[in-house]
Each structure stands twice: as structure tokens, then as C-alpha cells.
Number of protein chains: 2
Amino acid sequence: MGAEMLQKGAVSARDVALAAGVSRTAVSRTFTPGASVSPATRAKVIAAADALGYHVNNLARGLTRAESGIVALIVAELDTPYRSRLVSALTDRLQTAGKVAMMINTDRSDASVEAALKQAIGYRTDAAIVLSGMPDRALADMCLRNGLRLVLINRDEAWPGTIRVRLDDEEAGARAARTLLRVGSERPALASSASATASLAARAKGFRAVLAAEGVVPIEAVFGATSYETGLALGTDLFSREARPDGIFCVTDLLACGVIDAARHRFNLRVPDDLSVIGFDDIPQAGWEAYGMTTFRQPVTAIAEACVAWLSGPAAGTEAETVRLSAEMVWRSSVAASGR
Amino acid sequence: MGAEMLQKGAVSARDVALAAGVSRTAVSRTFTPGASVSPATRAKVIAAADALGYHVNNLARGLTRAESGIVALIVAELDTPYRSRLVSALTDRLQTAGKVAMMINTDRSDASVEAALKQAIGYRTDAAIVLSGMPDRALADMCLRNGLRLVLINRDEAWPGTIRVRLDDEEAGARAARTLLRVGSERPALASSASATASLAARAKGFRAVLAAEGVVPIEAVFGATSYETGLALGTDLFSREARPDGIFCVTDLLACGVIDAARHRFNLRVPDDLSVIGFDDIPQAGWEAYGMTTFRQPVTAIAEACVAWLSGPAAGTEAETVRLSAEMVWRSSVAASGR
DNA sequence: CCCGACATTGCACGCCTGTGCATCAGGTTC
DNA sequence: GAACCTGATGCACAGGCGTGCAATGTCGGG
């Protein structure tokens, strides 16, 4: 009936204590697992808390405790199939681990990554998961000094107090090359963006190495950002050449979609009859009937699992750790059947 | 050289004060815009802060201030093109407004939305932007009582202290119907998922209303979740019927992609020659050459803009506000040219 | 030289919680 | 009945910050 306490601020433990006729300590203990409170008191507190709509202030709790429960996700181009899948998996996993994700956008520039990390420090984030862009050594040290653990995904650098999560990109690239050779591709090609990412470089490296061992030099098209539009451009470039490729490894599904569309709609080529295409990531669109793309599946849930497990574990000393996961091949219809 | 202060916790204002030989107050004032500090003191403080890697603790700051600077984004199925675009726009906009986004996943169930909101309250979020799922009235009141402002996107309910952001979905549906009629469609169809969303329902309603005025009853296929796979199923259902539709309005691009693929790859139909398709959202894939979909563009940046503007504004009284935005039509090649 | 205006600085308090320590009630054992 | 143990409870403090208030120092004007 008489609903007081409607001012402006949130309802605090003192309000609950007042309403329940107990001390504020009792309220605190009620919401602290393992603390000593009598069932009677606890019941009174819970009743009052429910009536007032009380919730423990995690900010204040984070002041005293060493952990705030917040983990920063630092990411560029979230509106991209692979990224959004990974972020979704990460937030999911963090939540079930009792933590919560704070999203910080960057534009891939070093400056914006630095700003993002500083903001993360400002909120006393337990850790930061960096999906894109690269903090330099000094920045990483600053994070460490502020008790902020760093998770680097798809990066080569390894620093103290840091965990790296990597895929077997090189092996996947090699497998792509072997697959194309087995299909009988005589003019295999590599399509990649110009973005200097460790994982993209590793995929290309593995691809080239296998071909080189067979004495084959791949046709290459490398430019642009990692996007569908670049894929289109790469495709039209490749198919306009004298020696038209008959098998293409695209370091990313997004690129592969563009390449396939260029082949079909701009050059009237049939996939896989005239051309085999292999991608990487297994974004949802790779499974769409318009593409039916043979590709490598990013183990997003395994990646998320590894990150969160490390975060939940004890603050491992100062050695850098590395987690390696493998990308399973997914067979669809963009590669001639004999290749399997 | 002598790097002390390497314990465990983060570096605090007191550490900086000690290093700079000033009071902790001076440090606080240095980082508080508009506070009174002499240039000399400020310089000493900044130097010490840089050397130690100090960053103001936003958690503690949020304790005193009324605002924490955190805004919760409550969303399901983030790994979906439209959602990820919207979330990306929102986090971007929030950041430039000096706030930061906290991502909370839900599985669309009411229970998980409730849990999400409670977590948001726990972190004394300034506001919560609900992209999917629906808090009930009691829950909204609890938020309000805790000083948490609520932004509801694509919802019908309007409650005190809340803002709704809506599109002119009904008008768009109507326009889709008029467009199909103009192309000469004799058997127009509606494809929708079974998810009971206000916006989807409004699109369908507008579509049906225009047709009804012309004495036409659309062929309808309505089932499943809002996904590409459902689109495939809807398409195969529709194209298997006696009276095969020659124009389809899909309430979502994701559905439309599935419908187009079903038409092309399962029934050998040509788009737009045998069939016109209109979607909604303008997800990136709608612009891909494989689809070239005519659709309605979700004004994601305008939506984000509206949300953040409201959040940054004064805590408007207790009336519910509503923002209406319009979805511009995007012409591509999935509708016969004469339709324009 | 004196006085008022003003900028700067530090003390102390409040914000909200968790927790060590002391207190106290209640019950058990001899 | 006394000594003792146990579980519950409250006090007081810490944690990092912003800010009102008072004190100090500085400068200009008269």
C-alpha cells in the first residue's frame, strides 16, 4: 500500500534491513553463499527484499572482492557472420560460468584497441578477450599490472599472463591443397584478403607449401578487406585471367561466397563442374543451398569453452599458455565428389 | 626501474597520490572534468598516473554518481544477420555517447529475460535495451524502481518510464502487397514464421489488408522459427501446392533467402521471371548476387540513434514514449522490373 | 600596509558492500 | 549449577571514489 522509497536511486541493503527489522549485515549475509544466518532471519530478509525489489549491487561487491565478474569482449566488425557466432558463443559460455560480457567495439586500429583496453581497465574487468586488433607489449603490461587477464584469439604474440587460442590453420590450408589436387585441379588458386591476420597467413602458407612440394605454383589473388564484396572482386579478377583457375581455396567463407557468385553470375561457370571452391569458417551461409560450400568448421563453442575455462581457472603464473584447436572439414557440394 | 606495486590488485588513486606527493583528492580532481586543480599539480598527477598505469575505477565512481555508464543489451540469437547488425550499431552509438554496452543473452523464454534483467539491475545498469523477449509489467516496475530505464524494440506494450521503438511495419506490408499486384501477381502469397512478434504480425496484417481490399485472399504458409531453414520449408510447402504462388512477401529476409533457394534449387523456378519475392530487413545477404533481393531496409543506425538519444536525455517523467521510424524500400532484382 | 576576492588544497564523509571480531543467546555435558 | 561449545548477530572497518566545507595561500585594489 504505502509505497515509499520511490525517490531516484536504487534500493540498497539498508532499505531491506530497515524493512525486515534486522541489521544490514544480516542482509549481506543472506545474499552471500556460505555465510551464517538463521533460517528465520533469512526468511524475513528474503521477504523484504522481494517486496522492495532488491538486488545486490555488483559494483560495490566488486569493490571489495578481487573479481568484478565482468569480462570485456573487444571486437571489430561484429556484424559479420563468423564474428557474431563467436561472440554469441562467448557470451553464452561466460554467462553459464557466472560472468557477464561487456562489448567494446573497435575499428581495428591500434589506437581504438588501446582505448578499448583502457575502458576495460576502468571498469575493473576481470579479463579482456581480444578478437581483433592487437595490443602491443606495453599495453599488455599495463593490463597485467591492473590485474586484467588477456585472451588473444588468432594472434601470434605470446606474453606473460596471457593465453592464446589458435587453430591448426596451416594444416587446414594444406588439406585444402591436397583436396584440390585429388580432384584433379590443374590450375589451383588462392584467394585471400590483404588483411594481415596471423590465421589467414597461416592458411595461405599451408596451402602454398603442399603445392610447392608438388611443383605447382598457385594462381593468387590477394587484396581488399575480408568481405563478400572483396570475394566478388577476387573472383572476377581470377576468372578474367588467361589461365582460368579450376580450383580455389578462399581463406574465408565470406570471400568464397563472393567468388562463387562471381563464377556463377558473372562468368556463367558451374560449381563444382567447372570449378571447385573451398572456404573456411563454416558460416551459416556456407550451408545454404545457393552455396553448399565445402569448408572448414570453426569450433566456436570449443574456442569459447577454452577461453572461459582458462578465465575461471587459477591465475596461472607468468608463463604464456597456448591452446590449439583443430578445424574439422565439412563436405558439401562445391568440390567435385571424387575429392573426398 | 624499481617497479614496486606489483601485488595483485589494480593501482588506485592513493597509489598515484603517494607517487606524486599530493593528496588523493588532488588525483580525484585531476580526473574529474571541471574540478579545480592547479596546472602544476595536475601535471605531477598525470605524470605519476601514466607511470603507474592508473585508470579511474568506474565501479567505485558509479557508486557515488547516479549513473554507472553501463547499458545492458538483452538479446537472443545474436548470431543472426539482422540482430548482429543492430547490436553492432547500438554498441557503436553507445560508445560514442560515452557509455558502454553489457551483453546479456537470452533464449527468448520469459524466465531467461527475467534473469537477464535482474543481472542488469545487479550491475546498476543505467538502462536496458530489450531486443527480444518480453518483460512483463511487474518486471518492468522492478526495473523502474531500481532506476533502470527500459527501451523496448519492436514491442507493442507501453509502460511508464519506457520508450518503444517501432517501424511502420504495417505500411511496409501494405506496400509489398501493392507492389506484387502491380507486377501482375495473380496468386500472391505470404510466408511467415510462427514466432509471435509484434513487428512480424504487423507486416502480415498490412499485406493482408491491401489484398483484401482488392478481393484477393493470399496463399499463406506460416510455421517454424525465423530462420533460413524455415524459409526453405515454407518455400517447398508453397511450391508443392496446386495453385503455385507467383509472388511472395516474406516477413524476413532470412525466410526470403530460404524461399528463393527452394524455388531455384528444388523447383527450378526463375526469380523474378516465374516468381517475385520481397523480403524485409535488408540483411547483407539480400544484396548478394545470389539473391539480389528487393526488400525493406531496417534503419539500424536510426534505431540506435533514437535509443541512445533517449538514454542521454533527461529522465523523462512517467509517460511512455514511442519512436516510429520508417523502413525504406530497396529495389533489386527479385521483383519483375515493371513493379517499380 | 590592510582587506577582500579568489584559486587551490586537504580533511572528512558518504556511497554500498563483505568480513573479522566481539558479543550474546541457547543448549549440552559433566 | 557451572563450564563450555556453537551458531547467530551486530559493530566497525576497508575498498576507491566524488564532493562539501574549511583552511591556506596568493593577488589585486585601496
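Lettering of chains follows the sequences in order, A, B, ..., and the numbering in each one begins at 1. Note that this is a predicted model, so its numbers are computed, not measured.
- Here the P atom of nucleotide C:dG18 and the CZ atom of A:Phe31 are 10 Å apart, to the nearest Å.
- No donor-acceptor distance shorter than 3.5 angstrom exists from the side chain of A:Asn58 to the backbone of A:Arg61, with no hydrogens or angles considered.
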Find every protein N or O atom lying less than 3.5 Å from an N or O atom of nucleotides 11-15 of chain C, and list the pairs.
from   : atom 1 : to      : atom 2 : distance (Å)
C:dC11 : N4     : B:Thr25 : OG1    : 3.3
C:dG14 : N2     : B:Thr64 : OG1    : 3.3
C:dC15 : O2     : B:Thr64 : OG1    : 3.4

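- Nucleic acid contact for A:Val27: none, since no nucleic acid atom lies under 4.0 Å from a heavy atom of the residue.
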Pair A:Thr96, A:Arg93 - check side-chain hydrogen bond (donor to acceptor under 3.5 Å, both in side chains), show working. CA-CA 5 Å; A:Thr96 68; A:Arg93 203 64 201 71; 2.6 Å; yes
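- Residues from residues 114-126 of chain A that place a heavy atom under 4.0 Å from any atom of DNA chain D: there are none.
- Between B:Asp141 and B:Arg145, no side-chain nitrogen of the basic residue sits less than 4.0 Å from a carboxylate oxygen of the acidic one, so the salt-bridge criterion is not met.
- In this structure, A:Ser36 reaches the bases: a heavy-atom distance under 4.0 Å links it to at least one base atom across the strands shown.
- A donor-acceptor distance shorter than 3.5 angstrom exists from the side chain of A:Asp107 to the backbone of A:Ser109, with no hydrogens or angles considered.
- In terms of phosphate contacts, B:Thr41 brings a side-chain nitrogen or oxygen within less than 4.0 Å of OP1 or OP2 of C:dT9.
- The minimum heavy-atom distance between B:Arg155 and B:Ser132, with the atom names listed, is NH2-CA, 3.7 Å.
- Looking at which nucleotide of DNA chain C each of A:Arg61 and B:Gly21 is closest to, the 5′-most match is held by B:Gly21.
- At whole-Å resolution of the value, CG in A:Leu59 and P in D:dG18 are 14 Å apart.
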Tabulate below the donor-acceptor pairs under 3.5 Å that side-chain atoms of residues 38-45 of chain B make, not counting sequence neighbours, or state none.
from    : atom 1 : to      : atom 2 : distance (Å)
B:Ser38 : OG     : B:Thr41 : N      : 3.2
B:Ser38 : OG     : B:Thr41 : OG1    : 2.8
B:Arg42 : NH2    : B:Thr30 : O      : 3.2

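- Between A:Ser38 and D:dT9 there is a side-chain polar atom (N or O) within less than 4.0 angstrom of OP1 or OP2.
- Using a 3.5 Å distance cut-off with no hydrogens or angles, the side chains of A:Thr197 and A:Ser195 do pair a donor with an acceptor.
- Nearest heavy atoms, B:Thr32 versus B:Arg65: CG2-NH2, 4.3 Å.
- Put simply, CD on B:Glu67 is 15 Å from C1' on D:dG18, counting in whole angstrom units.
- Between B:Thr125 and B:Ile70, the shortest heavy-atom contact is CG2-O, 3.2 Å.
- Within the structure, every side-chain polar atom (N or O) of A:Ser28 is placed at least 4.0 Å from both OP1 and OP2 of C:dT17.
- Following rounding to the nearest Å, A:Asn57 (CG) and D:dG15 (P) show an atom-to-atom distance of 18 Å.
- Taking atom NE2 of residue B:His55 and atom P of nucleotide D:dC17, one finds them 12 Å apart after rounding to whole Å.
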